[in-house]
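Okay, structure first, notes after.
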Amino acid sequence: MFIEIEEKWQKAWEIAKVFEAEKNKKEKFFITVPYPYLNGNLHAGHTRTFTIGDAYARYMRMKGYNVLFPLGFHVTGTPIIGLAELIAKKDQRTIGVYTEFHNVPLNDLLQLTNPQKIVEYFAREALNALKKIGYSIDWRRVFTTTDEAYRRFIEWQFWRLKDLGLIEKGSHPVRYCPNDQNPVEDHDLLIGDEASIVEFTVIKFKLEDSDLIFPCATLRPETIFGVTNIWLKPVRYVVANVEGEKWIISKEAFEKLEFMDKKAKFIEEVESSDFFGKKVVIPLVDRKVPILPAEFVDTDNATGVVMSVPAHAPYDYVALKDLGVDIEPIVIIGTDGKGVPTKEVVEEFGIEDQRDPDLEKATKFLYKKEFHTGIMLENTGKFAGMRVLEAKEKVEKELFELGLADIFYEFSEKPVICRCGTKCVVRLVKDQWFLRYSDERWKRKVLELLEKMTIIPDYYKEEFKNKIEWLKDKACARRKGLGTRIPWDKEWLIESLSDSTIYMCYYILSKYINDGTIKPENLTLELLDYLFLNRGNLETTKNSGLSDEVIKKIKEEFEYWYPVDLRSSGKDLVANHLLFYLFHHVALFEERYLPRAIAVNGYVSLEGQKMSKSKGPLLTMKKALETYGADVTRLYILHSAEYDSDADWRSKEIDGLVTTLERFFNIVKENYLRETGEITLLDKWLISKFNRAVKEVRDAMDKLQTRKAVNSAFFEIMDDVRWYLRRGGNNLSLILDDWIKLLAPFIPHICEELWHMKHTTFVSLEKYPEFDSKKLDLKAEKAEKYIAKLLEDIKEVKKFVENPKTVYIYPAEDWKVNALKITIDKGLSEALKELSKMGIDKTEISIFAKKFKNMELIPNEKELIEQNIEFIEKETHLKVSMESEKIPLERKRSAIPGKPAIFIC
RNA sequence: GCGGGGGUUGCCGAGUGGCCAAAGGCGCUGGACUCAAGAUCCAGUCCCGUAGGGGUUCGGGGGUUCAAAUCCCUCCCCCCGCACCA
């Protein structure tokens, strides 16, 4: 394998500082990939995104650009803290996953009991892996998001966003564990990670002649017009003072209210049966309806008080039937059906009673149908004629305005159980800081930017557009985790997706921070304003304590490198990070600093299985490198799938690549230093084909299609080379300089090694091969194609001959060739006329007329065959003869230009 | 449900009106080489065929066209996102 070669060149690159990018006269290209989050080792997913980025960086460098390709590490947020806790607790599952899949030795792992150690460990591991795979990263700029200087940078950013009015306070619901006193994420859950938070509308029904309120929870407020009664479960309920109102709710609901930012005071417990038969008033409608008992009511769902709409809610319809009460359903929504919708549905689903599990299905079915196609009927007052999906919102809005409604959050699925075993609740987090992504002006600016940007693949532009429009305000503050505190409200930490939006400009600073030129305290708001926003001047930045020269230099470098020319990322970041990246840039920077292009690549699965950091399976970059080495891994991941589709890592396939690469290595090594002799037609063919490949590779790489690029640059040229050698080609080295260069972005170490057999420069800094149409040689290509086809035909015919010895080859007679020329110049009829004038046999003329479309002019066909007799004999194990006497007439007749007659006996 | 993507020969996948039974990779079969294995090289890998040929294919159905994997209509199926999680 190539491990030694790889280490050798990595060292050489480092010593020669070939990837340390500095401002110069050349045109710049700034490419970034998202910095990895270090709650584990880098894996095949990172390998893919980063390798694509690196191949492109190397490609652009060889195309003559001054390329900056930096990387840092992301560690802010909660997962690292969570991980530290789990390791400290010696959580078996975690230990299993990290030793088995992240390849962390058990002894090392058990040391990682606090976030700091985790960050240090995985940063070291990541750096190792990233260097071993040979990325052309400028490592002088590396940083970690908990660095003091980075925090300064983030604080500055948040101040400026706040100045712009883009950060404000609000509240929002989260899944919450009352025991841990913390919001819970998917992986914190034992059961229920599918559950989402649903917003119930609570409609306040007043008890007749009383101030007692029955808060009915519903997802269909528009059906209020069809209410015939309300339901309580025949159990004990709670009467509570809820913000000045007297509510009757289930016990469970009462407990939940506390988390929903409602001041609820317990008054007493009551039997719901005390109210059965009494009447409540439907708000807005002002109709009186009875309170009735129902077993199907789930007291653990929302308020535990339910309004009954028997015409549109199958549960209600069935419950009324079960109860035997004589209440007529009130139909208020019209669809294509005629009668009472619930009646039809219940019959269709064959539902017996309210315990029938199919009731749920029937409910969903009807809900969907009515929501999407339903129209409000005349008995719904001013909402009559409206579509249901519109009426729903309007009714809700009106109820709220009149103070007749409230909101109750509930899980869509239950139960939701935390890993600690506690049942989770929905909690409304108050006074949370939000980024106002819903701001219309902000969105419009982002959309304008998007229009101007290049998005690869292009259909993602549409996807981005939709996501931008759909984006809502985002809570950007957390109680727990690593990160930077909100500078004006130190209780809160800045959420980790919000602190990684414009850090690409920080790479300009980090070089100076790492070499000690800048200390964290130098990064004053005024300095950053000046550097990045063109606000102020050298005078206003005096408080940084930096010299004018340093500031000028940094400023110049920012002006040079920004904006980011390409951000290449996995598709998992489309709906979050990449959006925020655009939003924050647009909000803060002047137009000329805005991102130019985004590329999105697909996932990587392992042997058909989804990878998972927290559960496995997982293939770490380190493991891949140990097993296959850098170049094999790189070539494999670049070739395994085209950028936008998902890749599946299969060890069987990559195993085969090792030998293919060795073959390449050996072929080049054996031929590279050989003197070239006289140029033959075959050599011209090779050069011509190679040139076509160059064009294909460049075209593909310009669109970041690495699979296509590798296919052309490696596999297809390899096939041509094999044919060339098989044909006795002797001047392979004619293309080897260029072939090595062509492959350098993909397999840089091997290419560097081979290159140095002949040169002393770095191939990584050489000029990428150019397509040269003058090197195309159609004549040579035609000739090779002709020979290949002839060989194929002979082999085909040979199959049908018993004990074959000799192949007679008979190229088309001159008259056919001439006739074809005339046909091409003057048309068929002219040619046929000529032929009869010449006295050619009528049968022959008619054969010609039928077949001329399949004919092709090959210069000197006969000569070409004669030159290749030896080759054909070797390949077919037949004697080749050009004598025509032995060939039967009907065989001879089949000879056409470009396809000689063959006779084997 | 909404939005985005997709269904091609054993598998992964290229292919967007004729040059397509359809690139490339992988797998499998046979042969050459070898003491042998591996590697390498060659051939085959939808069906039929004692002459380089013919037939049937590109999720299902229908249509446009001299001509469709490729265009139109319709149906079926699969994947991803829908958030506060990096």
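So you know, we letter chains A, B, ... as the sequences are listed, proteins then strands, and number each from 1.
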Open item on the list: Test of understanding: with side-chain hydrogen bond (donor to acceptor under 3.5 Å, both in side chains), list the residues that count as partners of A:E781, not counting sequence neighbours.
Closed with: A:S688, A:R692
Open item on the list: If the condition is side-chain hydrogen bond (donor to acceptor under 3.5 Å, both in side chains), which residues does A:W433 pass it with, not counting sequence neighbours?
Closed with: A:D489
TODO: Only counting residues at least two apart or in another chain, list the ones meeting salt bridge (charged side-chain N to carboxylate O under 4.0 Å, His left out) with A:R387.
DONE: none
Open item on the list: Just to verify, what does A:K443 make a salt bridge (charged side-chain N to carboxylate O under 4.0 Å, His left out) with, not counting sequence neighbours?
Closed with: none
Measure all distances between protein nitrogen or oxygen atoms and nitrogen or oxygen atoms of nucleotides 20-26 of chain B, and list the pairs falling under 3.5 Å.
unit_1: B:A23; atom_1: O2'; unit_2: A:E716; atom_2: OE2; d: 3.3
unit_1: B:G24; atom_1: O2'; unit_2: A:N711; atom_2: OD1; d: 2.7
unit_1: B:G24; atom_1: N2; unit_2: A:R707; atom_2: NH2; d: 2.8

Task: Residue pairs involving residues 71-84 of chain A (criterion salt bridge (Lys or Arg N to Asp or Glu O under 4.0 Å); sequence neighbours excluded) - done: none
For nucleotides 80-82 of chain B, give me every protein contact, N/O to N/O, under 3.5 Å, one pair per line with atom names.
unit_1: B:G81; atom_1: O2'; unit_2: A:K467; atom_2: NZ; d: 3.4

Open item on the list: Expected output is a numbered-order residue list: members of residues 895-905 of chain A with a heavy atom under 4.0 Å from any atom of RNA chain B. What is it?
Closed with: A:K899, A:P900, A:A901, A:I902, A:F903, A:I904
Residues forming a ring pair (Phe, Tyr, Trp, His ring centres under 6.0 Å) with [X], sequence neighbours excluded:
| X | result |
| --- | --- |
| A:F746 | none |
| A:F665 | A:F2 |
| A:Y724 | none |

Pairs: protein N or O with nucleotides 43-50 of chain B N or O, under 3.5 Å:
unit_1: B:G49; atom_1: N1; unit_2: A:E796; atom_2: OE2; d: 3.3

